[in-house]
Amino acid sequence: MALVFQILDVDYFLNGDKPVVRLFGRSDAGNAVCVLCRDFLPYFYIRPKNEEALDDVKEILSIEEAEKLLAIGYSTKKTRLLKITISKPQDVPMIKEQLLSQGIAEEVFEADILFKNRFLVDHDLHGMQWAEADVVKTSTSTVKVPAFEMKSIKPMDRKDNAKLSILSFDIECVPSDPNRPLDSKKDPVVIISLSFNVPYRGTTSIVQVAKPVNGKGLQGFPNEKDMLEGFLRVIDEYNPDIITGYNINTFDIPYILERMRVHGIPPMLGRCKDKPAYNKSTGVTQESIIPGRVVADPYQILKRDPRIKFSRYDLNTICKVLLGDTKMDVEYREMPKLWNGPLEGVLRFAEYARKDAELNLRLVVEKDMLSNFIEIAKVSGTVMQDTFGGQTLRIDNMLLYEFRKRGYVLPAKPDANLMNKRTNEREKAGLKGATVLEPKKGLHAEGCILVMDFKSLYPSIMRTFNTSPDSLLVDDSVGEFYTSPTGAKFVPASVHEGVFPYIVGKLLDSRSEVKGQMKDADGEMKKILNARQYALKDLANSFYGYTGYLRARVYDIRVASTITAIGRENIEKTKDLIENNFDIEVVYGDTDSVFIKTKTTNLEDAKKIGEDISKFVSERLPGFLTLDFEKIYRTFLILTKKRYAGWKFEFGKNGWEDSIEMKGIETVRRDWCKLVSETMRTVLDIILKEGDLQKAVNETKRVIIQLRNNEIDFDKLTVVKGITKSLGSYDGMLPHIELARKLAQRNPHDPPKIGDRLGFVIIKGNQMLSKRAEDTKYAKDNKLQIDSDYYINSQVFPPVERILSSVGVEKSEVFGSGRQSTIADIMFGTKRKMKHEIAINYGTVAGWEGLVCQKCAKSHPRMPLSGRCECGGPLLFSYQGSAAQKVVTE
DNA sequence: TGCGAGCGGGG
DNA sequence: GTGTACGCTCGCA
């Protein structure tokens with residue numbers, strides 16, 4: 001029969017001496033299924049040295065001749081290799097070592113490719129892809145879901161996803177000794193909360209409690225052991241495809257596995273009866289594996305997402321920002337009291353746990369956190385679980401598909417020796433990075449700044465110059481070649497299109513196509529397509545980094561350094577093209593962007609100039625390189641390379657929308673009090689939106705005076721820090737730890753405990769700084785004096801000073817000790833301008849007819865400089881005479 | 001400015 | 001599991 005299913009996870013088990021591959025998935029009919037393949041064996045390639053000796057290696061099942069191309073260095077000459085097939089995947093490393101150490105093989109290829117990946121690549125299958133298999137129903141004692149024997153399998157061209165069931169869970173534990181950290185060997189799990197996207201027995205959440213409680217949505221158990229068994233029963237019955245939870249990879253799963261071990265419960269959380277869930281921790285990275293399911297941890301996903309950064313990554317902060325909801329208010333130190341106290345407390349604790357599991361599920365579902373990974377799996381071919389790791393496996397897999405198709409073998413991952421060699425080589429030759437153009441420092445307020453980007457710079461360079469390890473010319477076999485700025489030579493695509501440029505090109509072309517399809521799509525499909533276009537871009541962009549990554553299989557510094565060298569040449573060339581052909585100045589640029597200062601304050605005109613420059617430059621850049629007009633900054637303040645702020649204007653659905661954009665200038669930092677962030681933002685706002693440097697200075701002075709006069713609320717001066725270990729184990733002097741010691745003395749029966757977060761201010765005194773940290777509330781209640789010099793000199797002033805000095809304001813001006821000149825004034829005798837006129841002209845945008853006053857209805861063809869009507873009323877964009885849409889100024 | 005240590009999330 | 005993998009922020013020189 002034909003079974004159509006989406007491939008969720010792949011592994012294998014041994015049946016006697018032979019591997020049996022298991023494909024776990026969701027069938028078209030919506031059932032969890034497992035497809036078994038018994039006729040696939042592990043193999044690898046060797047370049048033989050002593051062929052006869054192969055006969056003595058008893059594990060080898062067969063030896064075949066194979067003529068293959070090698071991935072580094074262009075050549076049409078195939079190398080004679082032998083394909084070695086053995087029986088057990090886990091024997092491969094051992095046999096590989098033996099062949100090398102006994103001088104039987106000169107070199108080994110593809111002996112370090114995981115069996116599941118080998119299977120997928122060789123069958124042209126991808127993770128999360130739909131497949132159609134010819135199967136017969138079978139029975140096996142190894143899995144918990146219906147199983148089928150596979151006769152054949154082929155990939156399908158389907159974009160949709162099966163309805164995946166998701167279980168979100170959270171555990172609560174209480175330490176037996178509140179002064180010591182939790183110990184999974186001793187301290188029990190007391191509560192497990194579960195939340196389901198597809199309802200389980202008609203409910204969306206359950207809380208399991210290791211006490212004989214009962215109630216709605218509650219399951220009471222006599223003890224921890226029974227509860228853990230109950231947890232396994234629910235997982236088995238619900239049978240989720242995805243298991244999720246906040247920080248489950250490094251906390252909940254390893255903890256619960258240890259508790260199961262203590263109680264002698266086999267941790268069969270997956271879809272197999274023969275393979276337990278386990279946690280692999282390597283260095284600091286921990287990952288939990290549950291066979292047949294996918295473990296997704298929003299904490300790790302969010303932390304690694306380059307698109308958004310959060311100030312903190314705790315569940316509460318994340319939910320506040322993303323969902324507008326918060327955790328229930330239960331402090332860690334309260335938990336033992338709740339658990340050991342009266343019933344109401346236990347129930348409150350249970351509801352707290354329920355909400356955590358629910359919040360996490362909402363993050364996954366409402367924020368659509370898995371779609372990107374599903375699409376990355378579909379494109380790169382790895383199973384979904386492996387998409388949560390790094391870029392390397394994704395690229396290795398994509399390279400394996402393509403190189404294999406073209407008759408190449410991939411080199412092995414580098415061993416310690418090769419890594420050393422690469423490191424040394426790099427230290428000698430150096431891998432030069434990108435160019436950052438020297439910024440014209442200070443405030444640019446006279447005209448709009450255009451921000452222009454090279455679209456997909458490194459992928460475009462790869463495509464244009466055919467830079468790829470397999471097109472790198474290492475001999476004189478070809479007369480026609482391109483010589484890069486570093487001297488490396490590449491054959492043209494007409495001779496041989498490199499695998500890297502080919503894949504990158506396919507990804508980017510496919511992305512354009514998907515973006516086209518998105519226009520006609522809606523609902524679920526639009527989400528999928530959007531995730532897909534992002535995955536395609538993300539994957540295309542990671543190929544350059546791979547060529548220069550020391551651990552890559554197909555590392556080649558000549559390729560990596562060629563790409564950055566072309567990038568550097570490109571940005572310089574572009575700067576010249578712009579400055580030589582337009583009466584305009586490039587004030588900054590970094591890697592793939594240039595910032596251009598126009599002479600107009602009219603946003604429309606600026607936009608037009610941006611489009612003209614984009615067209616002009618793109619026509620003159622080679623191949624796939626294009627310069628796109630990205631956005632307008634009306635004003636632009638640059639402190640140093642990579643640190644700047646701009647008043648951004650973008651034309652959106654509701655007309656011109658403005659915001660302050662900052663790069664590299666941090667206004668929020670954990671060790672800064674609120675006052676610092678507030679002052680910085682105010683100062684930046686005044687400079688960028690009003691151009692009034694004197695006002696910015698005055699504002700800074702005002703804050704300093706308020707600090708001296710004790711007029712600032714202590715809450716704005718508070719810094720919060722947590723106690724992470726026992727007080728005795730801190731060596732250095734830290735303010736919050738000294739405070740914790742003080743509080744413990746003050747209140748011996750309720751001292752601060754591990755996990756507590758202390759908010760403190762620094763008060764006046766002669767002791768060293770860390771001894772002067774004081775609890776904010778205590779300081780307030782006892783009317784203590786804050787150390788205003790500390791707040792001025794160590795908190796507020798340094799970051800604000802960096803901003804002010806970039807526009808030429810001297811420290812002495814802020815502190816008022818007489819009017820002194822800046823160094824620039826002394827050198828050039830120019831008086832610095834304290835007030836910059838910030839005129840804005842919004843222009844008229846196609847489709848929009850003009851502006852209309854909300855108060856007197858007078859129409860204006862252009863935005864007046866004041867931003868308001870003569871009558872003082874706010875101006876709205878008018879469209880086709882009537883419909884006013886949005887206030888455009890404040 | 002560059003380096004080495006230390007911590008994050010969870011309970 | 002045909003393994004071997006962080007990344008930022010801070011304090012200090």
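No experiment lies behind these values; they were computed from the predicted model shown. Below, read A as the first sequence line, B as the second, and so on, with proteins coming before strands; counting in each chain starts at 1.
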Check: Could a donor-acceptor pair under 3.5 angstrom be found where the side chain of Y332(A) meets the base of dG11(B)?
Finding: yes
Item checked: side-chain N/O K327(A) vs dG9(B) OP1/OP2, d < 4.0 Å -> no
Please name all residues satisfying side chain to side chain donor-acceptor pair (under 3.5 Å) with [X], sequence neighbours left out, ordered by chain then number.
X       : answer
N340(A) : none
Y546(A) : D396(A)
R180(A) : none
K96(A)  : none

Check: For DNA chain C, what residues of residues 91-101 of chain A have any heavy atom nearer than 4.0 Å?
Finding: V92(A), P93(A)
Next item on the list: With sequence neighbours excluded, give me every salt bridge (Lys or Arg N to Asp or Glu O under 4.0 Å) pair touching residues 345-357 of chain A.
Entry: D325(A)-K355(A), K327(A)-D356(A), E351(A)-R354(A)
Note to self: Using the side chain to side chain contact (heavy atoms under 4.5 Å, CB included) criterion, which residues pair with R426(A)? Sequence neighbours excluded.
What the structure shows: L431(A), L550(A), Y555(A), I557(A)
Next item on the list: Anything under 4.0 Å to a heavy atom of chain A counts; send over the first and last such nucleotide of DNA chain C, read 5' to 3'.
Entry: dG1(C) to dC10(C)
Margin query: Test of understanding: with ring pair (Phe, Tyr, Trp, His ring centres under 6.0 Å), list the residues that count as partners of F251(A), not counting sequence neighbours.
Written below: Y255(A)
Item checked: Lys/Arg cation over aromatic Y644(A): K663(A), 6.0 Å, 45° cone -> no
